[in-house]
Amino acid sequence: MLSDRFGRTIDYLRVSVTDRCDLRCQYCIPKGFKDFETPAHWLTFDEITRVVGLFARMGTHHIRLTGGEPLLRHQLPDLAARLAALPGIADLSISTNGTQLGRFAEPLRQAGVRRLNVSLDSLRADGVRAMSGADSMAAVLEGLAAAKAAGFDAIKINMVPIAGVNDGDIEAMVAFCIEHGFILRLIEAMPMGPTGQASHSPDLAPIVDHLARRHALTPSAAPLGAGPARYWRSHDGGFTLGLITPLSQHFCATCNRVRLSVDGTLYLCLGQEASYALRPLLRAGVSDDDLEQAIRAAIELKPERHEFVEAPGKIMRIMAKTGG
């Protein structure tokens with residue numbers, strides 16, 4: 001198994017296939033941002049498949065495709081099919097903003113993707129516009145309907161509450177998720193880049209307490225993926241709520257993931273600068289054994305924890321640069 005110097009098993013790899021996105025969510029990509037990676041530096045599907053295959057050989061069985069918006073990458077279902085067929089891959093999932101999901105839900109399901117995380121921060125058209133910078137709600141709802149019809153094992157709605165913008169929309173989102181059988185996850189905004197540092201999450205603890213009382217939720221120990229969310233479930237099983245709190249209750253001691261960016265850089269922590277460039281090795285014809293050793297050396301650079309609270313202005317790269 002692949003493990004770091006703090007004894008944490010690394011069994012989860014998030015793979016960014018593009019840093020580009022068709023939205024400008026206020027906690028992610030700044031409006032007017034143009035400093036995207038040149039396509040010549042993007043890892044090819046062959047390169048991605050090779051790296052993921054080596055991770056799988058070392059015991060990393062959970063793979064998530066991310067971005068930017070991953071569905072903007074041409075022929076993404078083809079890559080998904082290649083990754084799903086690799087020996088040792090037990091779980092292939094994708095994070096998307098949902099704008100392209102209406103076209104791709106069924107092809108992704110047929111390719112072997114089993115779980116979806118879809119970003120949706122409001123059910124008000126003006127709320128979606130305020131959060132995403134676009135009139136994208138109709139397209140996202142269409143995509144969710146297509147995903148539900150395609151029969152994914154789990155569809156999670158990722159909602160980032162921002163104080164004074166959409167924190168009043170949580171109850172409506174709960175009702176929507178109960179109606180459609182979706183899992184709702186509330187996520188604290190992380191201070192990455194100028195947009196993330198300008199976004200302020202409300203205190204989620206009293207919100208969760210209120211929802212737990214109203215919907216008879218109790219903590220659930222059942223895992224719903226490889227990530228860090230804590231879950232609550234209603235007694236009748238009709239609603240599941242997840243909470244991701246990288247700031248107020250960080251989970252660094254159990255961090256099991258690293259991120260491969262579109263340009264082949266392994267980022268070992270969202271809140272630190274530790275990274276390792278794999279693309280130069282791939283394009284220099286490195287052997288599999290040497291590439292495996294490079295990956296193991298990279299994992300040794302994984303820091304013990306982030307410093308989002310102590311140094312909120314430390315990380316200036318945007319979330320889409322790192323890979324969701």
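None of these values were measured; they are calculated from a predicted model.
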At their closest point, which heavy atom of His215 faces which heavy atom of Ser234, and how far apart are they? O-CB, 3.6 Å

Non-hydrogen atoms of Met173 and Leu120 that approach each other most closely: CE-O, 3.3 Å

What verdict does the salt bridge (charged side-chain N to carboxylate O under 4.0 Å, His left out) test give for Arg279 and Glu47, after you've listed the backbone C-alpha separation in whole Å, the side-chain angles of each residue and the deciding distance to 0.1 Å? CA-CA 8 Å; Arg279 189 184 77 240; Glu47 290 168 334; over 6 Å; no

Taking all non-hydrogen atoms of both residues into account, name the closest pair between Pro303 and Ala274 and its distance. CD-CB, 4.1 Å

Could you check whether any side-chain heavy atom of Asp169 comes within less than 4.5 Å of a side-chain heavy atom of Leu123, counting everything from C-beta outward? no

Drop me the distance from Leu101's CG to Leu116's CG, to the nearest 0.5 angstrom. 6.0 Å

Between Thr44 and Asp46, is a side chain to side chain donor-acceptor pair (under 3.5 Å) present by the stated rule, with each step listed? CA-CA 5 Å; Thr44 66; Asp46 285 345; 5.1 Å; no

Okay, side chain of Asn166, backbone of Asp121: is any donor-acceptor separation there less than 3.5 Å? yes

Closest heavy-atom pair and its distance - Arg283, Trp42: NH2-O, 2.8 Å

Hey, can you tell me if Phe33 and Phe36 have their rings parallel, tilted or perpendicular (30° and 60° cut-offs)? perpendicular

I'd like to know if the side chain of Lys302 and the backbone of Arg257 have a donor-acceptor N/O pair within less than 3.5 Å. yes

Nearest heavy-atom neighbours spanning Met159 and Leu184: CB-CD1, 4.1 Å

For a side-chain contact (heavy atoms from CB on, under 4.5 Å) check, start with the C-alpha distance between Arg73 and Phe45, then their side-chain angles and the critical distance, and finish with the verdict. CA-CA 10 Å; Arg73 182 75 182 256; Phe45 284 4; 3.7 Å; yes

Determine, stepwise, if the pair Leu282 / Arg50 fulfils side-chain contact (heavy atoms from CB on, under 4.5 Å). CA-CA 9 Å; Leu282 290 165; Arg50 185 182 180 198; 3.9 Å; yes

Could you give the distance from CG (Asp167) to CD1 (Ile207), rounded to the nearest 0.5 Å? 6.5 Å

Quick one: does Arg259's side chain have a donor or acceptor within less than 3.5 Å of a partner on Leu266's backbone? no

Are Leu241 and Arg233 close enough that some pair of their side-chain heavy atoms sits under 4.5 Å apart? no

Leu23 versus Ala134, closest heavy-atom pair with distance: CD2-CB, 3.7 Å

Are any side-chain N or O atoms of Ser132 and backbone N or O atoms of Val128, one a donor and one an acceptor, separated by less than 3.5 Å? yes

Using the rule that Ile, Leu, Val, Met, Phe, Trp and Tyr join whenever any side-chain heavy atoms are under 4.5 Å apart, tell me whether Leu65 and Ile89 fall into a single cluster. yes

Using side-chain contact (heavy atoms from CB on, under 4.5 Å), reason through Ile63 and Val15 one step at a time and then give a plain yes or no. CA-CA 7 Å; Ile63 307 297; Val15 179; 4.1 Å; yes

Residues Arg64 and Asp91 bridged, charged N to O under 4.0 Å: no

Within a strict 4.5 Å, meaning less than it, do heavy atoms of the Leu141 and Phe176 side chains meet? yes

Does any N or O in the side chain of Thr265 come within less than 3.5 Å of the main-chain N or O of Ser261, such that one atom is a donor and the other an acceptor? no

Pairwise side-chain contact, Ile295 with Leu2, heavy-atom cut-off 4.5 Å (strictly under): yes

Can you find a side-chain donor-acceptor pair between Ser136 and Arg129 that sits under 3.5 Å? no

Salt bridge (charged side-chain N to carboxylate O under 4.0 Å, His left out) contacts in which one or both residues fall within residues 6-22, not counting sequence neighbours: Asp4-Arg8

Hydrophobic cluster identity match, Met131 and Met137, side-chain contacts under 4.5 Å: no

Check whether Thr60 reaches the backbone of Ile10 with its side chain - one donor and one acceptor, N or O, closer than 3.5 Å. yes

Do you reckon Ile48 sits in the same ILVMFWY cluster as Leu92, going by side-chain contacts under 4.5 Å, direct or chained? yes

Could you tell me whether the side chain of Arg5 and the main chain of Glu300 form a donor-acceptor pair under 3.5 Å? yes

Donor-acceptor contact present, side-chain Trp232 to main-chain Gly242, <3.5 Å: no

Could you tell me whether the side chain of Gln26 and the main chain of Ala130 form a donor-acceptor pair under 3.5 Å? yes

Please confirm whether the backbone N or O of Ser287 pairs with a side-chain atom of Asp290, one donor and one acceptor, at under 3.5 Å? no

Tell me yes or no: between the side chains of Thr18 and Glu69, is some donor less than 3.5 Å from an acceptor? no

Straight-line distance of Lys156 NZ to Ser119 OG, nearest 0.5 Å: 12.5 Å

Kindly determine whether Val160 and Ile162 satisfy side-chain contact (heavy atoms from CB on, under 4.5 Å), including the steps that lead there. CA-CA 6 Å; Val160 180; Ile162 301 298; 4.0 Å; yes

Just wondering, do Val113 and Phe152 contact through their side chains at under 4.5 Å, heavy atoms? yes

Can you tell if the side chain of Leu108 reaches within under 4.5 Å of the side chain of Arg114, non-hydrogen atoms only? no

Is it the case that one hydrophobic cluster holds both Leu260 and Leu83, taking links as side-chain heavy atoms less than 4.5 Å apart, direct or via other members? yes

Please examine the side chains of Asn97 and Cys21, heavy atoms only from C-beta on, and report whether any two atoms are closer than 4.5 Å. yes

Check whether any side-chain heavy atom of Val17 lies under 4.5 Å from a side-chain heavy atom of Leu76, and answer yes or no. yes

CE-NE2 distance between Met1 and His61, expressed to the nearest 0.5 angstrom: 5.0 Å

Given Asp289 and Arg296, is the salt bridge (charged side-chain N to carboxylate O under 4.0 Å, His left out) satisfied, shown in steps? CA-CA 11 Å; Asp289 287 344; Arg296 292 188 181 278; over 6 Å; no

CG of Asp153 to OG of Ser93, rounded to nearest 0.5 Å, is 11.0 Å

Can you tell me how far apart CZ (Arg185) and CG (Leu224) are? Round to the nearest 0.5 Å. 9.0 Å

Option passing side chain to side chain contact (heavy atoms under 4.5 Å, CB included) with Ile157 (candidates Leu186, Leu144, Asn117): Leu144

Tyr231-Ile244 co-clustered via ILVMFWY side chain contacts under 4.5 Å: no

Is Arg214 paired with Glu171 through a side-chain N to carboxylate O contact shorter than 4.0 Å? yes

